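The structure under discussion appears below in the form of structure tokens.
Quantities reported herein were computed from a predicted structural model and do not represent experimental measurements.
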Amino acid sequence: QVQLVESGGGLVQPGGSLRLSCAASGSFSILVAMYWYRQAPGEQRELVATITAGGGTNVADFVKGRFTISRDNAKNTVYLQMNSLKPEDTAVYYCKGISLAGRSYWGQGTQVTVSS
């Protein structure tokens, strides 16, 4: 079993930065890939970034060049560094992990609001 807890969200002005964290408790080593998703009000949840156990990364085109995903295996934590934030980045950001068996684990989400 794995539990994921996101943190680091908040209110930031356009152009600002935030770093989200997703801390995993339990069997972090069973997670073969980690993801950041986001969901704005009235919108579908969308994939923002992916990182594999081997460290391979991918970010969605709409955040490329602004967001970076990384992981610290010693701390069982995945990060999403968000720079040059825009109002359209406002959403609840969720962390997800996938195990080798194909099971998904989700965190509870953290709110990011970009507004002046």
Just checking, any donor-acceptor pair under 3.5 angstrom between side chains of Ser17 and Asn83?
yes
Taking the side chain from Thr90 and the backbone from Thr113, do they hold a donor-acceptor pair closer than 3.5 Å?
no
Will you find, in the side chains of Gln3 and Ser25, an N or O donor that is under 3.5 Å from an N or O acceptor?
yes
Nearest heavy atoms of Ala40 and Ala91, plus distance in Å:
N-CB, 3.8 Å
For Leu47, the hydrophobic cluster (side chain heavy atoms closer than 4.5 Å, chained through members) also holds Val32, Tyr35, Tyr37, Val92, Tyr94, Ile98, Leu100, Trp106
Can you list every salt bridge (charged side-chain N to carboxylate O under 4.0 Å, His left out) pair that touches residues 89-99, not counting sequence neighbours?
Arg38-Asp89, Arg66-Asp89
Test Val2 against Ile30 for side chain to side chain contact (heavy atoms under 4.5 Å, CB included), laying out the working first.
CA-CA 9 Å; Val2 178; Ile30 71 170; 3.8 Å; yes
Glu88, CD: over 12 other non-hydrogen atoms inside 6.0 angstrom:
yes
Do other residues, nucleotides or ligands put more than 12 heavy atoms under 6.0 Å from the NZ atom of Lys64?
yes
What's the separation between atom CG in Asn73 and atom CG in Leu31, rounded to the nearest 0.5 Å?
10.0 Å
Please identify each residue that fulfils side chain to side chain contact (heavy atoms under 4.5 Å, CB included) with Ser7, with sequence neighbours left out.
Ser21
For the side chain of Gln108 and the backbone of Glu6, is there at least one donor-acceptor N/O pair under 3.5 Å apart?
yes
Please tell me if the side chains of Pro14 and Pro87 come closer than 4.5 Å, counting only heavy atoms from C-beta onward.
yes
Walk me through whether Met34 and Cys22 qualify under side chain to side chain contact (heavy atoms under 4.5 Å, CB included).
CA-CA 9 Å; Met34 299 289 295; Cys22 173; 4.0 Å; yes
Quick one: does Gln39's side chain have a donor or acceptor within less than 3.5 Å of a partner on Tyr93's backbone?
no
Nearest heavy atoms of Leu4 and Ala24, plus distance in Å:
CD2-CB, 3.6 Å
Nearest heavy-atom neighbours spanning Ala49 and Val59:
CB-CG1, 3.7 Å
Within this structure, what is the CZ-CD1 distance for the pair Arg71 and Ile69, rounded to the nearest 0.5 Å?
8.5 Å
Heavy-atom pair of closest approach, residues Thr110 and Leu20
CG2-CD2, 4.0 Å
Same hydrophobic cluster for Leu85 and Tyr79, using side-chain heavy-atom links shorter than 4.5 Å among ILVMFWY?
no
Report yes or no: do Phe62 and Leu80 belong to one cluster of Ile/Leu/Val/Met/Phe/Trp/Tyr joined by side chain heavy-atom distances under 4.5 Å?
yes
Between CH2 of Trp36 and CE of Met82, what distance do you get to the nearest 0.5 Å?
8.0 Å
Any non-hydrogen side-chain atom of Val112 less than 4.5 Å from a side-chain atom of Leu18?
yes
